[in-house]
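These notes concern the structure reproduced below.
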Amino acid sequence: MLHDQAARPELSRSPRAKAPIAGERRLSIVALVAAMTIAVVVGFALAIVVPAAAALYAPWGLRWRALAQVHGHVMVVGWIGFFIMGMAVRLLPRFSASPLRYAPAADAAFILIALALAVRLVAQPLADARLARAMLPVSGALEVAGTVLFALSAIATLKRPLGEGKPFAFFLAAGSIWFVVQAVLTARALLLVFRAGDMVIAGADDAPALQVQFYGFLVCFITGVSLRAIPTFFAWKTPVWLAWAAWGALQLGIGLIIAASLFLPIGDGWLWQDAGRLLVAVALLAIIGCMGIWRPASRLRGGVQPVALLLRSAYGWLSVAALLLVWGAVQGSQQRAIAPFYADDAARHLLALGVISMLVVGMAYLVAPMFAQERTGGRAMTVRVRLYAVLLGAAALLRAAGALLEPAGATSARYWAMTAAGVLGMAAVALFGWRLVHGIRHPYVPVIAVRDIAVQGPISRPPNL
C-alpha cells in the first residue's frame, strides 16, 4: 500500500479507496491476527513456562521435551508462518501485477494448517495416551495438505516474475516449496513417534525438519520480500549475480544437510552436513550484501525513517547467526562429527528473534495497510520502533546465550536466560499485536498524512530484482 500510494497519489482521494490491484483478501487480516494470538498466548507462553519449569526441576519428565517441541513448531508455523501467509496473499499479487491465483486454495491452506497446529498442541503433550498419540499423524497430514495448497497458490501467482527470471521470485518460490518439504518431514517424524509409542520426536528425526523450516522456508521467504523492497529504501542497486549466488548457495547448502541427515549414517554424513552449514552461512552473508543496509535510508521520508533501525538490526543479527553457523561447522569438523546442537540452536533462535521477527515488524510498519496510521505517529512511533529493536535484540541475545551455555553445564543460568528471553519476546510481540489490532480497528487516515509519509519517488515499478 505504501508503494502504491507513493506512485499514484490520486488513489488516495478517498480514505475508503480500494486497492488498485486484485488480491486483497480477508485471509490477510485473519492470518495476521491469528499469528499474533498464537505467538503471545501459546508460543511465547511456552517459551517462558517450559524453561522456567526446567530451572525449577519440575517433575514433568518427557512432557517437558514434548512441550518444547510443540513450542518450536508453533512459533515457526503459527507465528512467523501465519504472518508470512497473511502478507503473501497481499504482497505477491502486487509483486506480480496479477490477481492472487487459486485464492480458495490459500483460504483452505490456512484452515488446514491451523487445524494441524491445534491438534498437535493438544496431542503431543498428552501422547502417553494412545488416543492422543494417534492424532499426531493426523496433524502431520493436515499440515502437508495445507502447505501444498499454499505453495500452489503462491507459485502460480509468481508465474510472471518467475518467467522473467527475477531472483526475488525464485526465493519466494523456493520458500513455498521448502514449506511443503518441512511439513512432509514433520509428518514423517510424527508418524515415527506414533509407531514407536513415544511422545517426543528423536533428535535425528527432528533435525531435518528444523533445518528446512529455518533456512528453507523462513529465510527464503523473508529474503524474497526483502529483495523486492529493502534495497529501494536504501537507494541500493543489488548486483544480480550476488542475489543468484545467495540463492544457489542456500539451496545447495540445505540440500546437502537434508540429504546427509536422511540418507547417510550419522558417522558418515557429518562432513556433508558441516559443508552444508558453511554454504548456508555463505548464503546468509551474501543476502546481507544484497540489501544495502549500510547506506543511508534516503528513500524513506522522516516519518518512517526510524524503521530503518529495525532493518539494520535484523541484518546485523543475521551476520551473527551466519558466524555461529561457521563456528559450529568448524567445531564439528574438528571432532569429525555434526556441528554441536547448541550452536545450531543458538543460530536458529538468533534467526527467529533477532532477524525474522524484527523484519516482520519492520516490513509491516512500512507496507502493511493496518499500520498506515501508525506511520504518522511521530515521536510515539519512533519510541515504539526503538523498543522493538531493544526487546527483540535482547531476547535473541539471551536465548542464544542460554543455548551456548550448555557445554558449561550451567543448567539454572541457561534456563533462566531462556525464560527471560521469552518474557522480552512476548512483550515485543504483544506491543506489535496491539498496534496491529489498533490499525485494523482504525484503518483510515487523512489523505494528507498518506502523502506526507510516502516513500520518496515512484517505487511501485518492479525493480531489477
Side-chain angles (χ1 to χ4, degrees), residues 1-5 11-12 14-43 74-75 77-96 98-118 146-147 149-150 153-154 157 172 176 179 221-222 225 229 307 356-357 359-377 381 384 388 428-445 449-450 453:
M1 186 69 73
L2 185 61
H3 294 181
D4 299 334
Q5 290 164 336
L11 293 172
S12 299
S14 169
R16 299 178 182 269
K18 294 182 179 179
I21 299 176
E24 288 283 9
R25 297 186 58 79
R26 189 183 300 265
L27 172 61
S28 179
I29 293 176
V30 173
L32 298 185
V33 172
M36 298 294 106
T37 304
I38 289 170
V40 175
V41 176
V42 180
V74 163
M75 290 299 279
V77 179
W79 154 226
I80 303 173
F82 278 176
F83 204 95
I84 285 174
M85 293 176 68
M87 293 302 291
V89 299
R90 184 178 195 284
L91 293 178
L92 296 191
R94 286 161 170 74
F95 290 173
S96 306
S98 66
L100 181 69
R101 305 296 183 185
Y102 307 118
D107 295 338
F110 172 77
I111 294 171
L112 289 170
I113 295 172
L115 286 173
L117 291 176
T147 56
L149 291 176
F150 174 76
S153 176
T157 304
L172 293 171
S176 301
F179 196 21
F221 246 103
I222 290 295
V225 173
V307 181
I356 298 170
S357 293
L359 284 176
V360 161
V361 174
M363 292 304 295
Y365 262 68
L366 289 173
V367 303
M370 58 283 298
F371 285 95
Q373 189 176 33
E374 183 80 352
R375 289 191 286 268
T376 67
M381 189 207 74
R384 281 191 285 270
Y388 294 132
V429 175
L431 175 62
F432 179 57
W434 167 52
R435 300 312 300 169
L436 175 81
V437 173
H438 182 273
I440 293 171
R441 295 184 61 190
H442 305 86
Y444 307 117
V445 296
V450 173
I453 56 85

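- Checked by atom type and distance alone, the side chain of T157 never pairs as donor or acceptor with a backbone atom of L100 at under 3.5 Å.
- Of all heavy-atom pairs spanning F83 and A35, the tightest one is N-CB, 3.7 Å.
- Using cut-offs of 30° and 60° for the angle between ring planes, the F371 and F432 rings count as parallel.
- Taken to the nearest 0.5 Å, the CG atom of L149 stands 10.5 Å off from the CD1 atom of I111.
- The two residues M370 and I29 have their closest heavy-atom pair at CE-CG1, 4.2 Å.
- With hydrogens and angles disregarded, no donor-acceptor distance shorter than 3.5 Å links the side chain of R90 to the backbone of G86.
- Here the straight-line distance linking atom CZ of R435 with atom CD of Q373 works out to 7.5 Å at 0.5 Å rounding.
- For the pair S153 (side chain) and A103 (backbone), a donor-acceptor distance under 3.5 Å is absent.
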Original post:
Checking ring pair (Phe, Tyr, Trp, His ring centres under 6.0 Å) for the pair Y388/Y365: CA distance, chi angles, key distance, verdict?
Top reply: CA-CA 12 Å; Y388 294 132; Y365 262 68; 5.6 Å; yes
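- Between V429 and W79 there is a side-chain heavy-atom pair separated by less than 4.5 Å.
- For L92 against A154, the heavy-atom pair with the smallest separation is CD1-CB, 3.8 Å.
- Counting heavy atoms from C-beta on, the side chains of E374 and L436 never come closer than 4.5 Å.
- Closest approach of M363 and A229 over heavy atoms only: CE-CB, 3.6 Å.
- In this structure, V30 and F110 have side chains that are in contact, with non-hydrogen atoms separated by less than 4.5 Å.
- Using a 4.5 Å cut-off on side-chain heavy atoms (C-beta onward), F179 and I113 make contact.
- Considering only heavy atoms from C-beta on, M87 comes within 4.5 Å of L32 through its side chain.
- Smallest separation of non-hydrogen atoms from S357 and I80: OG-CD1, 4.4 Å.
- Side-chain atoms of S176 come within 3.5 Å of backbone N or O of L172 as a donor-acceptor pair.
- Summarising the geometry, atom OG belonging to S28 is positioned 11.0 Å from atom CE belonging to M85; distances are rounded to the nearest 0.5 Å.
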